[in-house]
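This one's a predicted model, so the numbers in the text were calculated from it and none came from an experiment. Heads up: numbering here begins at 1 and tracks the sequence.
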Amino acid sequence: MKEMKVDVHHLARVEGHGNIVIDVEEGVLKRCELQIVEAPRFFEAMLRGRSYQEAAHITCRICGICSVGHTNASLRATEDAFGFIPSRQTMLLRRAIMHGEVIQSHILHVYFLAAPDFFGAPSVIPLVGSHPEVVQRALRLKKLANDVCAVIGGRHIHPLSLVPGGFTSFPSEKQIRNLRDRFIEARKDMEATVELFSTISMPSFERRTEYLALRREGEYTFLGGEGDAIVSSYGEAYATRDYKEKVREYPVPHSTAKHVHGGLDAYMVGALARYEINHDYLHPAAQAAAEALGLRPGMFNTFNNNLAQIVECVHCVEDFIGICDELLDRGIVPEPIEIRPRAGRGVGVVEVPRGILFHEYTYDDDGRIVRANCVIPTGQNLHHMERDMEAYVPKALALNDEAEATKHFEMLIRAYDPCISCSTHLLQVSFRDRNGVRSYGAPQ
């Protein structure tokens with residue numbers, strides 16, 4: 001083909017609303033846009049004047065899937081501003097609940113959102129009849145992960161017990177022991193998941209790119225803390241408090257979410273980026289899963305993000321069991337909240353399922369927020385998605401089938417597991433009107 005028009009309005013099986021628009025005339029790419037069409041959600045503005053005790057409960061509403069991740073990023077930003085270092089028990093419990101969130105989100109994506117593409121189904125619903133054991137396995141794993149969030153956080157979404165300085169309630173040793181036993185049993189479901197996806201071939205695609213992720217020596221980390229660095233696959237490293245040296249937001253006319261570049265060009269965040277930068281710290285079972293899935297560093301295939309999510313699930317299952325062992329050996333002891341507010345700036349950086357997440361708050365003497373900034377993983381990926389779409393155009397044209405090409409572009413964007421609603425956090429909005437393109441609002 002030398003002519004191709006892709007016009008997907010509201011891409012299916014992703015969170016939120018986005019359009020894919022690609023126009024090729026006489027073999028020349030004229031237009032390539034991932035349009036984010038949702039209304040902006042002014043969370044940073046909502047935070048101004050709010051107490052440090054409210055920040056996490058507000059920002060966890062940015063996302064119903066990554067509410068634990070937003071909570072932890074918010075807590076770390078507040079504690080950083082106040083110079084507070086959490087206890088070992090607090091960090092273990094936060095790490096454990098992060099694993100629950102990562103598993104439930106990744107399982108939701110690979111089984112319910114991505115898998116229908118590889119099974120030739122329009123959604124997961126037909127798979128209930130054709131592959132009931134696969135759907136049942138996915139539901140078991142997702143419920144187990146949700147139960148982790150409920151036990152540790154007080155409910156499976158928008159946690160209650162995680163607060164600046166620690167926890168307001170604690171799981172019992174019986175509850176932790178029960179979760180540990182269930183995770184040991186879940187190894188079978190993870191083995192079956194690896195076996196299933198090892199039979200699926202990802203579409204062929206390679207575009208050398210930059211990956212960005214949080215790295216801590218000795219640990220495949222999701223939860224930010226002391227000694228972390230923001231690391232690029234190009235060899236750069238930044239202190240977490242200096243994230244703006246690398247992460248540069250800017251508005252574009254066709255999106256209510258800002259794009260981000262890393263100085264040179266677009267970069268990618270998410271499971272594949274974490275794997276590229278931290279694969280040496282994966283649990284041995286996860287490294288074996290990567291080998292079984294044919295995943296190895298330096299492949300530069302965005303579709304492999306699906307496989308990296310499965311590898312991370314195996315890692316999280318094994319690491320969660322180890323955390324339970326340590327908690328049970330130590331004994332779970334209620335700890336008082338001893339944090340004290342003060343004026344200052346704090347940055348919280350965590351790895352949520354879709355990639356690296358930044359929360360930055362500036363507080364006054366009374367512990368009220370003067371300024372806030374949240375940089376969402378999907379927002380960081382939007383520029384990279386469009387670069388991938390541009391690079392995929394020759395492959396799509398070679399298919400000689402516009403419908404099939406459209407499907408491939410949808411699969412490419414779905415591979416990122418985008419959370420579009422969360423990306424529209426911005427304080428500046430770009431929009432089109434009859435007079436052209438305008439911007440209003442206060443830029444970050």
Side-chain angles (χ1 to χ4, degrees), residues 56 59-60 62-63 65-77 79-80 86 88 90-109 144-146 148-149 152-153 159 162 183 190 211-231 240 243 268-283 285-287 289-290 305 308-324 326-327 347-359 374-378 380-381 417 419 422:
T59 55
C60 77
I62 292 175
C63 187
I65 299 173
C66 298
S67 62
V68 166
H70 279 283
T71 296
N72 274 318
S74 179
L75 299 179
R76 293 301 300 135
E79 291 166 352
D80 183 45
R88 174 66 177 172
T90 292
M91 294 302 287
L92 285 170
L93 289 170
R94 288 179 182 175
R95 205 168 103 202
I97 195 173
M98 285 291 286
H99 285 339
E101 178 171 271
V102 170
I103 294 170
Q104 68 88 11
S105 179
H106 284 356
I107 291 298
L108 171 65
H109 177 248
L144 173 57
N146 285 346
V148 171
C149 298
I152 298 176
L162 284 71
F183 266 74
M190 284 312 311
Y211 297 106
L212 197 73
L214 197 62
R215 182 174 171 89
R216 175 187 300 166
E217 292 303 315
E219 179 185 334
Y220 195 98
T221 185
F222 293 94
L223 184 61
E226 298 297 320
D228 290 345
I230 302 163
V231 174
T240 53
Y243 75 98
M268 183 178 180
V269 300
L272 185 58
R274 287 189 293 263
Y275 173 81
E276 288 286 339
I277 290 172
N278 296 307
H279 59 88
D280 49 331
Y281 292 144
L282 282 167
H283 188 279
Q287 293 181 352
N305 194 56
Q309 288 185 330
I310 296 170
V311 170
E312 288 194 335
C313 284
V314 175
H315 174 84
C316 288
V317 166
E318 297 299 332
D319 197 50
F320 184 89
I321 293 169
I323 291 170
C324 289
E326 183 173 347
L327 287 169
V347 175
V349 186
V350 302
E351 286 279 354
V352 291
R354 287 152 192 82
I356 194 165
L357 168 68
F358 303 94
H359 279 224
C374 303
V375 187
I376 314 301
T378 294
Q380 295 174 70
N381 274 334
D417 192 12
C419 200
C422 304

Original post:
E79 and R94: salt bridge (charged side-chain N to carboxylate O under 4.0 Å, His left out), yes or no, with the steps?
Top reply: CA-CA 14 Å; E79 291 166 352; R94 288 179 182 175; 2.7 Å; yes
**OP:** Give the C-alpha distance, both sets of side-chain angles, the deciding distance and a yes or no for side-chain contact (heavy atoms from CB on, under 4.5 Å) between C419 and C63.
**Re:** CA-CA 8 Å; C419 200; C63 187; 3.6 Å; yes
Original post:
Can you list the steps and then say if I310 with H106 is a side-chain contact (heavy atoms from CB on, under 4.5 Å)?
Top reply: CA-CA 7 Å; I310 296 170; H106 284 356; over 6 Å; no
**OP:** Apply side-chain contact (heavy atoms from CB on, under 4.5 Å) to the pair L93 and I323, showing each step before the final yes or no.
**Re:** CA-CA 8 Å; L93 289 170; I323 291 170; over 6 Å; no
**OP:** Begin from the C-alpha positions of V102 and F222 and carry the test side-chain contact (heavy atoms from CB on, under 4.5 Å) through to its verdict.
**Re:** CA-CA 9 Å; V102 170; F222 293 94; 3.8 Å; yes
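Under the 6.0 Å cut-off for aromatic ring centres, H315 and Y220 qualify, their centroids lying closer than that.
There is a side-chain donor-acceptor pair under 3.5 Å between D319 and H99. In this structure, a donor-acceptor pair under 3.5 Å is present between the side chains of H109 and Q309. Counting only N and O atoms by type, the side chains of R354 and S105 include a donor and acceptor under 3.5 Å apart.
With rounding to the nearest 0.5 angstrom, the OG1 atom of T221 is 6.0 Å from the CG atom of L223. A distance of 11.5 Å separates CD1 in I107 from CG in N146, rounded to the nearest 0.5 Å. Rounded to the nearest 0.5 Å, atoms CG (L162) and CG (N72) are 5.5 Å apart. Taking CD1 of I152 as the start and CZ of R95 as the end, the distance is 11.5 Å to the nearest 0.5 Å. Taking CD1 of I103 as the reference point, atom SG of C313 lies at 6.0 Å (rounded to 0.5 Å). Here the straight-line distance linking atom OH of Y275 with atom CG of L282 works out to 7.0 Å at 0.5 Å rounding.
Contact between A56 and L75 at its shortest, heavy atoms only, is CB-CD2, 3.8 Å. Of all non-hydrogen atoms in P86 and T90, the two that sit nearest each other are CB-CG2, 3.9 Å. Considering all non-hydrogen atoms of both residues, P353 and R274 come closest at O-NH2, 2.9 Å. Heavy-atom minimum distance, I356 versus Q380: O-NE2, 2.8 Å.
Considering Q287, E217, E219 as possible partners of Y281, the one that fulfils the side-chain hydrogen bond (donor to acceptor under 3.5 Å, both in side chains) test is E217.
Residues V349 and L357 fail the side-chain proximity criterion, which asks for heavy atoms closer than 4.5 Å. The side-chain heavy atoms of V311 and V314, taken from C-beta on, include no pair separated by under 4.5 Å. Two residues are said to be in side-chain contact when any heavy atoms from C-beta on lie closer than 4.5 Å; M268 and L212 fail this criterion. C60 is not listed as a side-chain neighbour of V68, based on a closest heavy-atom distance of 4.5 Å or more. Contact check for P377 versus V352: side-chain heavy atoms found under the 4.5 Å cut-off. The side-chain heavy atoms of V269 and N381, taken from C-beta on, include a pair separated by under 4.5 Å. Within the 4.5 Å cutoff, no side-chain heavy atoms of V231 are placed close to those of L214. The side-chain heavy atoms of R88 and E326, taken from C-beta on, include a pair separated by under 4.5 Å.
Between R216 and E226, none of the side-chain N atoms (NZ, or NE/NH1/NH2) sits under 4.0 Å from a carboxylate O, so this pair counts as no salt bridge. A salt bridge does not link D228 with R76: every distance from a Lys NZ or Arg NE/NH1/NH2 to an Asp or Glu carboxylate oxygen is 4.0 Å or more.
Under a 3.5 Å cut-off, the side chain of N278 and the backbone N or O of R215 do not form any donor-acceptor pair. With hydrogens and angles disregarded, no donor-acceptor distance shorter than 3.5 Å links the side chain of S74 to the backbone of H70. The main-chain N or O of S67 is found under 3.5 Å from a side-chain atom of E101 such that the two form a donor-acceptor pair.
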